[in-house]
Amino acid sequence: MKKDKPDQIPNHVTDIILESVSDGVFTVDHEWRITSFNHAAEEITGVPRDKALGKYCWSVFRSNMCEIDCALRRTMKEGKRFVDTAAYIVDSKKRRIPVVVSTSLLKDESGIVLGGVETFRDMSLVDELRRELDARYQVGDMVSRSPSMHRIFTILPQVAQSDSTVLIQGETGTGKELLSRAIHELSPRRGKPFIAINCGAFPDTLLESELFGYKAGAFTNATKDKPGRFAAAEGGTILLDEIGDLSAAFQVRLLRVLQERTFQPLGGTKSVKANVRVIASANKNLAGMVKKGTFRQDLFYRINVVRLDLPPLRERKEDVPMLVEHFIARLNRLRGRSVTGISQKALALLLSHDYPGNIRELENSIEHAFVLCPDGEIEPHCLPDNLRALVSRPTTNAKIDTALQSVEAQVILDALKRNKFNRLEAARDLGIHKSTLFRKIKMLGIDLPKIDGRTKRKRVH
Amino acid sequence: MKVALTVWENRISPLFDCARTLLIVDITDQTATNRYFEPFHCESPSSRAAKLSDLKVQVLVCGAVSDLFANMIEAHGIRIIPFVAGAVDEVIDAYLTGTISSSKFQMPGCGTARDNGYRKKN
């Protein structure tokens, strides 16, 4: 016999479905007391069903929305559904669990409102994956999405494992010391000391005693032996910062140490073996100094075994948003603050600056903003005066989209210049597809010169 | 002695991290001698801990609290009685009579593991 209606699903099937879903689901009556609580809700909140039923929803759910902006309360008041509101709950172990919440009214067959239903999803795994994804752009305390930095990040583990002398070149504030620390932490020497010394900060005689130490009686008031930085870094890594500032005489002394891997403390008679990995850094172009005769060629070749060139921030402005996020998270941790982020206008200001002081300058700007903006978002008025002065420029006086477009155009033009206007290379450098680059060039109205990287290359080969 | 409670709608606030009102109770010889409300709009862990410290609070009674906030407050030498739920007057009475740790005032699932804890089934 043919059935007129499909079979009704028995009520208990709904319970089976609710028990099998991975989203937490609970319902409340008009008094906000929990009337049902599924298995996933038990798993996520850590509260057993028998303890949750009949209790006020806020004492079980304990989210940041409960007191201030409860989605379920709004649903009950306005009769509207709310979908995927981001929030967090705190479990009995004081852990914050990120969740997304959806709410709707609970009605019976005749449409009478029985209460509300809230479903929530544990986003911990998504957050963890997001962090892992971000870790791809992070080495040690350095973060970058720029292709030039990514190339350095990719080879860094091999460089670190090699034990070869490394030369790091980059403008002041580009993170030379951070990179050296990252190399040390990735190397087999991690766990041993990492010692950094700024060669430009000491006159020759003082630098010698600082680096190699001295013996008692080596000079007036030298009453006892003092080990130097090379001895302190035994088994570890020493960073010779600003090596380009060394005097010609000291360059010879250092060359001997690097060649023979031994040093002689001031006033000592015996050479001491140095099991230390040397990393040298310079904010000047050492090859150029060699040509001018201000830096010894033999020392240059001794330290220039593996060279890493850190690009200045103005050449990788695409990193500014990520660096800002990184500094905000770090300062929130260090200072126990809750700055949530940066406003679009403030970010546009940061993007339109050239950063002669590089990442250190950006970090200081964020620290400055932390003083003036204790919580919420960083707004333009929180930034240092020199950045705010940029507001008066016509580009940033315009709408936010215009300001962002002008920065985008500048970044593209910089990439093209770096790659001698070869469009394909520039697209690779920017990490975008060449057709995207062409589209952006057209859209932003960037004037390109007639020269083309490809034509020049073809002529050479 | 000063005891602070985070309050909301005449109950203990569900989550300390975003509670917006403090009730300060002065206690002498097991009796509440004075009580007054204080706005609690600061957001960061350090500013919340500093505010409690400035108010010379020695004990904080609150609902759920995340570890970052709890650690910062304890670092200021303030004792925390967390995961408390219930009507404010009843909670104050329970504190004065030493019965605040009874299950009546515990948030669900926040007592001892044997009593309340939910165990994940593998």
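Values in this document were obtained by computation on a predicted structure and should not be read as measured data. Below, chains carry the letters A, B, ... as their sequence lines are ordered, and counting in each starts from 1.
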**Prompt:** Can you check whether A:V60 reaches B:M107 side chain to side chain, under 4.5 Å on heavy atoms?
**Reply:** no
**Message:** Using side-chain heavy atoms (C-beta onward) and a distance below 4.5 Å, is B:L15 in contact with A:Y88?
**Reply:** yes
**Message:** If you compare all heavy atoms of B:A64 against all heavy atoms of A:R62, which two are closest, and at what distance to 0.1 Å?
**Reply:** CB-CD, 3.3 Å
**Item:** Contact summary for A:P48 and B:G109, nearest pair of heavy atoms
**Value:** CD-CA, 4.4 Å
**Request:** Pick whichever of B:A19, B:G63, B:S47 has the most heavy-atom pairs under 4.5 Å with chain A.
**Result:** B:A19
**Item:** Pick from B:A85, B:S13, B:S66 with the largest number of heavy-atom pairs that fall under 4.5 Å of chain A
**Value:** B:S66
**Message:** Please classify the contact of B:R48 with chain A as side chain, backbone, both or neither, using a heavy-atom distance under 4.5 Å.
**Reply:** neither
Engaged part of [X] at the chain B interface, taking heavy atoms whose separation is under 4.5 Å:
X     : answer
A:T45 : neither
A:D50 : neither
A:Y56 : side chain

**Asked** How far apart are the C-alpha atoms of A:R96 and B:D17, what are their side-chain angles, what is the distance that settles it, and do they pass the side chain to side chain contact (heavy atoms under 4.5 Å, CB included) test?
**Response** CA-CA 10 Å; A:R96 278 189 183 191; B:D17 303 18; 2.9 Å; yes
**Prompt:** Rounded to the nearest 0.5 Å, how far apart are CD1 of A:I68 and SG of B:C18?
**Reply:** 4.5 Å
**Derivation of the salt bridge (charged side-chain N to carboxylate O under 4.0 Å, His left out) call for A:K93 and B:D67** = CA-CA 8 Å; A:K93 288 180 179 141; B:D67 45 10; over 6 Å; no
**Heavy atoms of other groups near A:E78 CD, more than 12 under 6.0 Å** = yes
**Request:** Go through A:S59 and B:Q106 one step at a time and tell me if the side chain to side chain contact (heavy atoms under 4.5 Å, CB included) criterion holds.
**Result:** CA-CA 9 Å; A:S59 68; B:Q106 289 285 310; over 6 Å; no
**Message:** Between A:K94 and B:E74, does the salt bridge (charged side-chain N to carboxylate O under 4.0 Å, His left out) criterion hold? Intermediate values first, please.
**Reply:** CA-CA 14 Å; A:K94 298 183 182 142; B:E74 281 170 340; 5.1 Å; no
**Asked** Under the 3.5 angstrom rule, does the side chain of A:E67 hit a backbone N or O of B:P14 as a donor-acceptor pair?
**Response** no
